[in-house]
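The model shown is predicted, which means the values in this text are computed figures rather than measured ones. Both counts, for ligands and for their atoms, begin at 1 and track the order of listing. Residue numbers count from 1 along this sequence.
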Amino acid sequence: MQATEQAIRQVVQEVLAQLGNGGRTTNGTHRNGDWGVFQTVDDAVAAAGDGFKALSQRPVSDRVKIVQCIKQLCTAQAEELGRLELEETGIGRLDHKIQKLQIIELVPGVEFLKCDALSGDHGLTVTEYAPFGVIGKITPVTHSLPTLASNAISMIAGGNTLVCNPHPAGRLIACEGARRINRAIYEATGLENLVTIIENPTIETANEIFAHRGVRLICVTGGPFVARAAMASSKRAIVAGPGNPPVVVDETADIDNAARSIITGGAFDNNLLCIGEKEVFAVETIFDELLAAMPRHGGFQLNCQQIDQLTKLAFDPPKDGSDHHTLNRDLVGKDASVLAELIGVQVPAGTDLLYGETDESNPFVPEEQMMPFVPFVRCRNAMHGIELAKEHEHNFRHTSIIHTRDVRNMTTMGREMDTTLFVKNGPSSAGLGLGGEGYLSFSIATPTGEGVTSALTFTRQRRCALVDDLRII
Ligand code: NAD
């Protein structure tokens with residue numbers, strides 16, 4: 001099994017390397033780059049700086065063309081690129097890797113930019129939303145290319161260019177994506193190096209980007225360490241940090257819809273999404289009914305002993321006085337059937353999610369497991385469920401979900417949780433416009449408060465005042 005995995009990895013690396021070399025042309029060698037892929041941070045930032053100057057000379061209609069190029073590329077090549085991402089990272093599901101690229105078309109572009117005007121006795125003042133310049137970007141392994149593509153749309157629509165330090169375990173697909181995006185932009189507009197990327201990213205190159213004089217703003221998408229590092233940097237940071245989204249189900253809920261939604265959200269890409277349902281608090285009067293509804297939608301229930309076995313494989317006990325269990329990264333993003341096999345359980349074909357009853361002390365409840373097992377905790381009533389949800393969300397203020405027909409319970413949970421996304425009676429993905437109203441982004445800025453990022457997030461306000469004229473009424 002391991003030899004096969006290793007062989008696949010090697011083939012993927014060779015294919016991606018060949019694709020990369022094939023793209024090397026005179027147009028792509030600017031400052032030693034290869035269609036935006038650079039060896040050093042200095043070169044990447046300098047090229048993105050030149051890219052920014054060139055973009056600034058162009059009309060907004062060129063940004064519209066660029067956004068279209070990125071969307072078309074993601075849609076047309078979703079299958080190939082999704083497969084390459086899965087083969088390189090070894091986490092998640094092929095159908096959802098493909099879908100994550102197909103939905104890039106839902107990321108808004110320049111239509112989100114606006115212009116505010118004030119007209120009065122002293123004339124006319126307009127506030128316009130201007131670019132920052134070069135933005136430093138850190139991407140996660142959980143969605144390497146989708147995050148890069150989504151951010152590229154928002155940042156370029158806002159008039160910026162970017163330099164990306166991808167997650168090392170998803171760097172090949174991010175670099176290949178950057179090459180293809182730059183090539184498509186060049187063919188459509190003649191512009192180069194709007195998306196630059198470091199070929200061999202490390203923590204040191206990330207820190208170089210954080211500190212670089214040519215970088216005006218940073219935007220990171222990732223877990224607690226990179227979120228803390230970005231917030232400690234001297235530059236303004238937009239931080240899309242970790243989550244541990246709880247679900248509360250009360251006695252008034254549509255139980256079948258709750259079960260279906262938990263599986264739709266929690267099983268998506270094997271629960272890699274930061275918004276994905278990670279633990280459920282259900283009131284005891286409907287607890288058994290909810291558990292019984294899960295298999296109708298692709299759930300498979302583990303018993304206590306099986307959950308204990310899986311817990312021991314998925315987490316190491318807390319060390320050095322910490323109260324955090326350590327997540328075993330080897331299990332992250334694996335299929336439900338693979339997790340089940342590890343504990344000697346065969347699940348029916350089509351099983352999307354494992355689940356079962358635990359108490360709140362099981363590490364699957366407080367930790368962000370990023371794998372398709374979701375613990376269900378029995379609670380006395382909705383208030384008890386909301387209390388536990390609050391505790392185990394850890395004030396990340398990321399995402400929370402409730403299934404209820406009781407408007408008071410919705411309101412109480414919304415107020416208590418104070419999360420960036422709060423979804424009622426649907427899967428977590430409804431909070432990103434997938435089955436709910438709204439728009440998509442792969443970076444949801446949580447601790448820094450910008451929310452679901454868009455072109456407007458990556459702009460600065462500039463005011464232009466004309467004194468005593470142009471009020472025409
Ligand atoms: P990760 O934190 O392991 O890595 C993210 C990136 O940060 C990588 O590129 C990594 O190389 C870099 N990095 C890590 N520590 C760093 C440091 N000290 N200084 C500089 N760079 C550093 O996260 P991951 O496993 O790739 O992604 C999963 C995490 O990201 C989860 O916690 C998930 O909730 C979160 N996430 C959040 C959002 C959001 O929009 N809020 C979106 C996707 C993922």
Side-chain angles (χ1 to χ4, degrees), residues 41 85 88-92 100 107 136-151 154 163-175 197-212 215 218-233 235 237-246 265-266 268-278 324 326-333 366-371 393-394 396-399 419-421 428-429 431-432 440-454 457:
V41 170
E85 174 142 355
E88 182 188 2
T89 61
I91 57 174
K100 287 199 292 189
V107 176
K137 174 71 213 174
I138 309 281
T139 51
V141 67
T142 45
H143 349 280
S144 184
L145 182 52
T147 309
L148 179 63
S150 159
N151 291 152
S154 303
V163 51
C164 175
N165 202 67
H167 192 291
R171 72 185 179 90
L172 296 175
I173 184 62
C175 289
I197 189 163
I198 308 303
E199 186 160 32
N200 293 300
T202 59
I203 297 284
E204 288 70 38
T205 54
N207 286 327
E208 264 184 73
I209 291 174
F210 286 175
H212 204 289
V215 173
I218 53 181
C219 173
V220 307
T221 306
F225 294 110
V226 70
R228 255 178 253 137
M231 304 237 279
S233 106
K235 291 208 166 61
I238 293 173
V239 177
N244 190 37
F268 191 74
D269 211 18
N270 286 339
N271 212 350
L272 288 180
L273 263 71
C274 56
I275 59 167
E277 286 79 349
K278 298 290 189 298
H324 275 294
T326 311
L327 181 62
N328 176 0
R329 302 282 307 193
D330 292 345
L331 267 60
V332 164
E367 303 297 336
E368 188 190 18
Q369 70 270 39
M370 293 186 283
M371 66 183 81
E393 208 270 334
H394 309 298
F396 288 141
R397 297 195 179 90
H398 196 298
T399 297
T419 46
T420 307
L421 298 184
S428 53
S429 44
L432 290 183
L440 178 72
S441 167
F442 276 87
S443 293
I444 302 147
T446 40
T448 49
E450 293 81 1
V452 183
T453 56
S454 72
T457 311

Can you pull out the closest protein heavy atom to [atom]? Residue, atom name and distance to 0.1 Å, please.
{"atom": "atom 10 (C) of ligand 1", "answer": "His167 CD2, 3.9 Å"}
{"atom": "atom 35 (C) of ligand 1", "answer": "Gly222 O, 3.3 Å"}
{"atom": "atom 38 (C) of ligand 1", "answer": "Cys274 SG, 3.2 Å"}
{"atom": "atom 29 (C) of ligand 1", "answer": "Gly223 N, 3.5 Å"}
{"atom": "atom 21 (N) of ligand 1", "answer": "Val226 CG2, 3.4 Å"}
{"atom": "atom 20 (C) of ligand 1", "answer": "Ala206 CB, 3.6 Å"}
{"atom": "atom 11 (O) of ligand 1", "answer": "Pro168 CD, 3.4 Å"}
{"atom": "atom 15 (N) of ligand 1", "answer": "Ile203 CD1, 3.6 Å"}

> Of all residues at least two apart in sequence or in a different chain, which pass the salt bridge (Lys or Arg N to Asp or Glu O under 4.0 Å) check with Glu450?
Replying inline: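 So Glu450 forms a salt bridge (Lys or Arg N to Asp or Glu O under 4.0 Å) with Arg236.
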>> I'd like to know whether Thr221 forms a side-chain hydrogen bond (donor to acceptor under 3.5 Å, both in side chains) with Ser443, so could you lay out the CA-CA distance, the side-chain angles of the two residues, the decisive distance to 0.1 Å, and finally the verdict.
In response: CA-CA 6 Å; Thr221 306; Ser443 293; 2.7 Å; yes
Can you find an N or O of [X] that's nearer than 3.5 Å to an N or O of ligand 1?
{"X": "Ile444", "answer": "yes"}
{"X": "Gly241", "answer": "yes"}
{"X": "Pro224", "answer": "no"}
{"X": "Val141", "answer": "yes"}
{"X": "Asn207", "answer": "no"}
{"X": "His398", "answer": "yes"}

What part of [X], side chain from CB on, backbone N/CA/C/O, both or neither, has a heavy atom under 4.0 Å from ligand 1?
{"X": "Thr139", "result": "backbone"}
{"X": "Ser443", "result": "backbone"}
{"X": "Ala229", "result": "side chain"}

For the pair [X] (side chain) and [Y] (backbone), establish whether a donor and an acceptor sit closer than 3.5 Å, ignoring hydrogens and angles.
{"X": "Asp269", "Y": "Gly92", "value": "no"}
{"X": "Glu277", "Y": "Ser428", "value": "yes"}
{"X": "Arg171", "Y": "Glu199", "value": "yes"}
{"X": "His394", "Y": "Phe396", "value": "no"}
{"X": "Lys235", "Y": "Phe210", "value": "yes"}
{"X": "Glu368", "Y": "Pro242", "value": "no"}

Any heavy-atom pair between the side chains of [Y] and [X] that's under 4.5 Å?
{"X": "Leu327", "Y": "Met371", "result": "yes"}
{"X": "Val107", "Y": "Leu440", "result": "yes"}
{"X": "Val141", "Y": "Arg329", "result": "yes"}

>> Could you tell me if Thr453 and Ser441 have a donor-acceptor pair between their side chains, going purely by distance under 3.5 Å?
In response: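 Yes, a side-chain donor-acceptor pair sits under 3.5 Å.
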> Hey, are Glu393 and His398 close enough side-chain-wise for a donor-acceptor pair under 3.5 Å?
Replying inline: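 Their side chains do not contain a donor-acceptor pair, so the 3.5 Å distance test is not met.
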Just jot down the ligand 1 atoms closer than 4.0 angstrom to any heavy atom of [X], in number order.
{"X": "Thr221", "result": "5 (C), 38 (C), 42 (C), 43 (C)"}
{"X": "His143", "result": "43 (C)"}
{"X": "Phe442", "result": "40 (O), 42 (C)"}
{"X": "Gly243", "result": "34 (O)"}

> So is Pro166 close enough to ligand 1, meaning a heavy atom under 4.0 angstrom away?
Replying inline: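 Yes, Pro166 has a heavy atom closer than 4.0 Å to ligand 1.
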> Do you know the tightest heavy-atom contact between Gly431 and Leu421?
Replying inline: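 Closest approach of Gly431 to Leu421: O-CD2, 3.7 Å.
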> Who's closest to atom 25 (O) of ligand 1 heavy-atom-wise, of Glu368, Arg171, Arg329, Met370?
Replying inline: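 It is Arg329 that holds the nearest heavy atom.
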